[in-house]
Amino acid sequence: MSSDFTAEAFEDIYKEDGLLVMAQGLGLSRVIAKFLEYYSSQYSSSSSGHGGRKQLVLCINAQGDEEAFQNILLSEGATPGNLPRVLTN
């Protein structure tokens, strides 16, 4: 799927709270990875009192997909130290 499409989907859902529904094969994993990339980035900062980093919590039924999301982030240039933590319980 076009990176322009997934970038536009990310920007739209980031700018305004909303619900994103995508059919299989349209790049939902890439959109989720964009959120993970943005919030795990060293450039993502705020005055929230959390060490200058914005906080994001995703509760998704992605059991078994954690490694795929981490690989996407690594391929986009994320460092291992900036990968999000995976909580399983």
Side-chain angles (χ1 to χ4, degrees):
M1 181 52 44
S2 167
S3 63
D4 291 340
F5 176 78
T6 55
E8 184 177 336
F10 167 77
E11 289 175 18
D12 287 348
I13 200 76
Y14 179 76
K15 288 179 185 175
E16 282 189 49
D17 290 342
L19 174 66
L20 176 64
V21 178
M22 296 176 71
Q24 187 174 12
L26 290 181
L28 180 59
S29 295
R30 302 294 296 170
V31 174
I32 292 171
K34 289 299 257 186
F35 273 100
L36 295 174
E37 177 183 6
Y38 179 77
Y39 280 92
S40 66
S41 169
Q42 61 183 339
Y43 304 109
S44 188
S45 62
S46 74
S47 59
S48 63
H50 297 286
R53 296 183 67 175
K54 291 184 179 182
Q55 302 295 304
L56 173 70
V57 175
L58 292 175
C59 295
I60 55 176
N61 187 13
Q63 188 173 2
D65 294 330
E66 305 92 349
E67 189 174 331
F69 285 122
Q70 290 178 339
N71 288 337
I72 290 171
L73 291 172
L74 290 170
S75 72
E76 296 287 330
T79 61
N82 279 340
L83 292 177
R85 289 185 299 166
V86 175
L87 305 175
T88 58
N89 56 14

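Numbers here are sequence positions counted from 1.
In this structure, Y14 and F35 have tilted ring planes: the angle between them lies in the 30° to 60° band.
The shortest non-hydrogen separation linking L73 to A33 is CD2-O, 3.4 Å.
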Residues 24-32 side chain polar contacts: donor-acceptor under 3.5 Å, at least two apart:
from, atom 1, to, atom 2, distance (Å)
R30, NH2, E76, OE2, 2.5

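With sequence neighbours left out, N71 forms a side-chain contact (heavy atoms from CB on, under 4.5 Å) with E67, L74.
Here the CD-CG distance, from Q70 to D65, works out to 11.5 Å after rounding to the nearest 0.5 Å.
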